[in-house]
Amino acid sequence: MPDQAEDKEAKWDTLVHSGVLFPPEYTSHGVQMLYDSKPVDLTLEQEEMATAMAVMTGTQYLERQQFLDNFWADWKKVLGPKHAIRDLKKCDFTPIYEWHMAERERKKALPKEEKDTMKKEKEEAEAKFKHALVDDRKEQVGNFRVEPPGLFRGRGDHPKMGKFKRRIYPRDITINIGKGVAVPEHPYPGQKWKEVRHDNTVTWLAFWKDPISAKDYKYVWLAANSTFKSDSDLAKYEKARKLKDYIGGIRKAYEKDWESADMRTRQMAVALYFIDKLALRAGHEKDEDEADTVGCCTLKVENVEVLEDNHIKFDFLGKDSIRYENEVAVHPKVHSLVRQFCKTTKDNKIKKPDMDLFDTMDATDLNKRLKDLMDGLSVKVFRTYNASVTLDALLHKESTTSTVDEKKAEYDRANKEVAILCNHQRSVPKGHTGQMQKMEAKLLEHQQQLDALERELTAARKGKAFEGAKARPVDSLERQIEKKRDALKKLELNAKVKEDLKTVALGTSKINYLDPRITVAWCKLHEVPIEKIFNKSLLSKFHWSMDIEPEWRF
DNA sequence: AAGTCGACTTAGCACCTTTACA
DNA sequence: TGTAAAGGTGCTAAGTCGACTT
């Protein structure tokens, strides 16, 4: 293993850091769980796993057979063949769960001084891990903590959910650090790091193999505001901007390819059309031991429905098993091509619902093809391009708003359009329905108050009494009515926004897809303080974009 | 050509902190 | 001034994609 690849570009000259922070070793709480309603003895290792299961109480995972089976398979190995516990169904983890909750409460109820002392001690212990020196620049480290053991919480129908994710030790971890500087210490005497490298062609500080999936790695990187990350962020957006100059030609090229005699060329051209129009992900092949999700190139016949009137309906589980459901009008040629791709394979056999829609190509092929169209182009660039171009266009539409709050609402609406385009979802917040009902009730109350004020105003104008008393002066009532109307309008808007956004996540596009220069320029142009749009961490992540001129366009 | 490796970005959620409002 | 909602942060899973290996 060479310390330094000669042909790859160097990312740093010197690199100094303190390595990683290990989670505390497991200590026994000694609380006995019940088996067949009777307390049982567990070794430290057995208890650690039982506790990992106990803390899952109340989650949906416990209703998943896969989760229970995987946990049981791992725990059984640790229990051994002669243990009294032979059946997970007879296990009652409640005592451990209750201990866990009580412990939480106890910590919460600790006197303030004690909490402050603990916080201070924690910060002192962490301090040295928080920064690295890269070419003598002090940079923040992102995730310097080693992941603690626990039960694997895979998303969607993950075949490995519930497996015990084992503890990671120094012997599992490879450190990357500058030559000739102190190798980080660790708290395990007698152990050695798996490896110490001095590879300046990469930006990671440490990695270990994912204990759940042998082919995956867990890395320790610098934080989002580091030079490594901001340089590549800028490069990402500049590449997406470059696509602007090529997109016309690319569209012409794929439209022409729809007419090709070659099936593969036609499929590539339709896939690219979807990626361009709908900002779909590439969709690489997945293994059996992962959740069954798809992207554009891995769409199955059953994921698309060819409808009347040049419409197509998509319905599939994408990244994180988030459902993508969208009915769209497509070009007539695409409509007929998709109908064809659904029907027969490349060698004219009947295609079944679970077979690939694009059976002559995959994401790697498509990415290769994209390199012919533009230097460095890949599928994901279209998503960045589409998101940023959409925001830029929406923010530069004619606007009639005047206040900062209204402008912020306008920005949020544009942000929402992008989030919907990219299918960035979130689960409905807890208590949403109740909160909506509360808002409705408040709305009604305000409406009634407004009605009463208006009746009083009518009375006042006629010099009549109102509800058995002298009506208040006209000018005062008029002011109150106007105030009430504004309040009502604001409430109505809030309620509508809340309902509209209940399943839309705005943050993901802000963090990953929207060129911050669009936002910064717009804020300057419309005199909206940037802090209204970017919070502290986004301001820091996007520090590189802050001095852009107001006239700048994506 | 296909499969694997390795390094990086993108993603939603849990939990904690701050803010808004009665 | 207490409570609930909103907002922020940390965590880690799940993607992408080019390079390398077979």
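Below, all heavy atoms of this structure are taken into account, side chains as well, without hydrogens, waters or symmetry copies.
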Separation of Lys286(A) atom NZ from dT4(B) atom P, in whole Å? 16 Å
Of Lys368(A) and Glu290(A), whose nearest nucleotide on DNA chain C comes first from the 5' end? Glu290(A)
Centroid-centroid under 6.0 Å between His424(A) and Tyr513(A) rings: yes
Measure from CG on Asp216(A) to C1' on dT16(C) and round the result to the nearest Å. 13 Å
Parallel, tilted or perpendicular: ring planes of Phe144(A) versus Phe129(A), cut at 30 and 60 degrees: parallel
If I take atom CD1 in residue Ile275(A) and atom C1' in nucleotide dT16(C), what distance separates them, rounded to the nearest angstrom? 12 Å
Treat primed atoms plus P, OP1 and OP2 as sugar-phosphate and everything else as base, then score nucleotides 15-22 of chain B 5' to 3': B for base contact with protein heavy atoms under 4.0 Å, S for sugar-phosphate contact only, - for none. S------S
Apply side-chain contact (heavy atoms from CB on, under 4.5 Å) to residues Thr14(A) and Val134(A) and explain how you reach the verdict. CA-CA 6 Å; Thr14(A) 64; Val134(A) 186; over 6 Å; no
Considering just the side-chain nitrogens and oxygens of Arg281(A), establish if one lies under 4.0 Å of OP1 or OP2 belonging to dA14(C). no
What's the closest nucleotide to the Trp204(A) side chain, out of dC13(B), dA7(B), dG12(B)? dA7(B)
Side-chain N,O (Thr508(A)) to OP1/OP2 (dT10(B)) below 4.0 Å: no
What's the closest nucleotide to the Asp210(A) side chain, out of dA13(C), dC8(B), dT9(B)? dA13(C)
Return the value, rounded to whole Å, for the distance between atom CD of Glu9(A) and atom P of dG18(C). 16 Å
Atom CG of Asn512(A) to atom C1' of dG12(B): distance rounded to whole Å? 12 Å
Between Asp365(A) and Phe228(A), which is nearer to the 5' end of DNA chain B once each is assigned its nearest nucleotide? Asp365(A)
Rounded distance in Å - CD (Glu285(A)) to P (dA1(B)): 17 Å
Rounded to whole Å, how long is the line connecting atom NE2 of His284(A) with atom P of dT16(C)? 6 Å
Rounded to the nearest 0.5 angstrom, the NZ-OG distance for Lys416(A) and Ser509(A) is 12.5 Å
So what does Lys11(A) touch, heavy atoms closer than 4.0 Å: a base, only the sugar-phosphate, or nothing? sugar-phosphate
Decide, yes or no, whether a salt bridge links Glu126(A) with Arg145(A) under the criterion of side-chain N to carboxylate O below 4.0 Å. yes
Is the Tyr324(A) ring parallel, tilted or perpendicular to the Phe316(A) ring (thresholds 30°, 60°)? parallel
For dC8(B) and Thr203(A) - does any side-chain N or O of the residue sit under 4.0 Å from the phosphate oxygens OP1/OP2? yes
Is the NZ atom of Lys371(A) crowded by more than 12 outside heavy atoms at less than 6.0 Å? yes
Please confirm whether the shortest side-chain N or O distance from Lys380(A) to OP1 or OP2 of dT10(B) is below 4.0 Å. yes
So does Lys319(A) reach the base of dT10(B) with its side chain, donor to acceptor, closer than 3.5 Å? yes
Let me spell it out: for each of Phe207(A) and Ser427(A), pick the nucleotide of DNA chain B with the closest heavy atom. Which residue's pick is nearer the 5' end? Phe207(A)
Would you give the length of the straight line joining atom CG of Leu243(A) to atom CG of Leu373(A), rounded to the nearest 0.5 angstrom? 10.0 Å
Over all strands shown, is Thr364(A) touching base, sugar-phosphate only, or nothing at heavy-atom distances under 4.0 angstrom? nothing
Can you tell if the side chain of Leu222(A) reaches within under 4.5 Å of the side chain of Thr203(A), non-hydrogen atoms only? no
So that I can tick it off, tell me whether Lys119(A) and Glu124(A) are bridged by a salt bridge, with the cut-off set at under 4.0 angstrom between side-chain N and carboxylate O. no
Starting from P on dT10(B), measure out to OH on Tyr513(A) and report it in whole angstrom. 6 Å
Going by the ring pair (Phe, Tyr, Trp, His ring centres under 6.0 Å) test, name the single residue among Trp221(A), Trp193(A), Tyr219(A) that passes it with Phe207(A). Tyr219(A)
Across nucleotides 5-12 of chain C, 5' to 3', mark each nucleotide with B, S or - according to how protein heavy atoms within less than 4.0 Å reach it. SS-SS-SB
Determine the contact category for Gly154(A): base if any of its heavy atoms lies under 4.0 Å from a base atom, sugar-phosphate if only primed atoms, P, OP1 or OP2 are that close, otherwise nothing. sugar-phosphate
Can you find a side chain N or O atom of His158(A) that sits less than 4.0 Å from OP1 or OP2 on dA13(C)? no
